[in-house]
Amino acid sequence: MKQLDQSFIIGIFGLIGLFIGLFVKNIMVWTFVGIAVGYVITFWIPYFKKQHQLKKKNTK
């Protein structure tokens, strides 16, 4: 995934968190939660997929 795509996804989730925070009156908390979810989706899920594929490849 390219850096621009990663930044876009993290930004979208940050905005979603901001809008949720506006409704529940905890703007900062929900903005950080949105950024954290975006970070997990863009960096850790592809990392674990790659590790799983390498592990599967090495066991064959």
Side-chain angles (χ1 to χ4, degrees):
M1 192 179 296
K2 293 183 179 179
Q3 187 174 1
L4 182 64
D5 295 337
Q6 293 171 343
S7 299
F8 183 74
I9 292 171
I10 291 173
I12 291 296
F13 276 97
L15 285 173
I16 291 170
L18 178 69
F19 290 130
I20 292 171
L22 288 172
F23 289 115
V24 291
K25 306 274 194 279
N26 287 327
I27 295 171
M28 190 169 91
V29 172
W30 282 100
T31 302
F32 286 139
V33 168
I35 291 170
V37 169
Y39 177 77
V40 167
I41 289 173
T42 57
F43 293 104
W44 288 106
I45 291 176
Y47 173 78
F48 286 126
K49 280 185 180 180
K50 185 177 179 182
Q51 291 298 323
H52 180 69
Q53 289 173 351
L54 288 174
K55 189 177 180 182
K56 198 174 188 180
K57 183 179 178 183
N58 288 337
T59 57
K60 287 185 177 182

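Sequential numbering from 1 along the given sequence is applied to the chain's residues.
Under a 4.5 Å side-chain heavy-atom cut-off, the cluster of Ile, Leu, Val, Met, Phe, Trp and Tyr residues that includes Ile27 is completed by Leu15, Leu18, Phe19, Leu22.
Atom CD of Gln53 is separated from atom NZ of Lys56 by 8.5 Å, given to the nearest 0.5 angstrom. Here NZ of Lys55 is found 11.5 Å from CZ of Phe48. Values are rounded to the nearest 0.5 Å. If you take CG on Leu54 and CD on Gln51, they are separated by 5.5 Å, rounding to the nearest 0.5 Å.
With sequence neighbours left out, Phe8 forms a ring pair (Phe, Tyr, Trp, His ring centres under 6.0 Å) with no residue at all.
The two residues Ile41 and Pro46 make their nearest non-hydrogen contact at O-CD, 3.4 Å.
Relative orientation of the Tyr39 and Phe43 rings is tilted, given thresholds of 30° and 60° on the angle between their planes.
Under a hydrophobic clustering in which Ile, Leu, Val, Met, Phe, Trp and Tyr are joined whenever their side-chain heavy atoms come within less than 4.5 Å, directly or via other members, Ile10 and Tyr47 fall into the same cluster. Note: the hydrophobic cluster containing Val40 does not contain Val37 (ILVMFWY, side chain heavy atoms under 4.5 Å, direct or indirect links). Phe32 and Val24 are assigned to two separate hydrophobic clusters, defined by single-linkage of ILVMFWY side chains at heavy-atom distances under 4.5 Å. A chain of hydrophobic side-chain contacts below 4.5 Å, direct or via other Ile, Leu, Val, Met, Phe, Trp or Tyr residues, connects Ile16 to Ile45.
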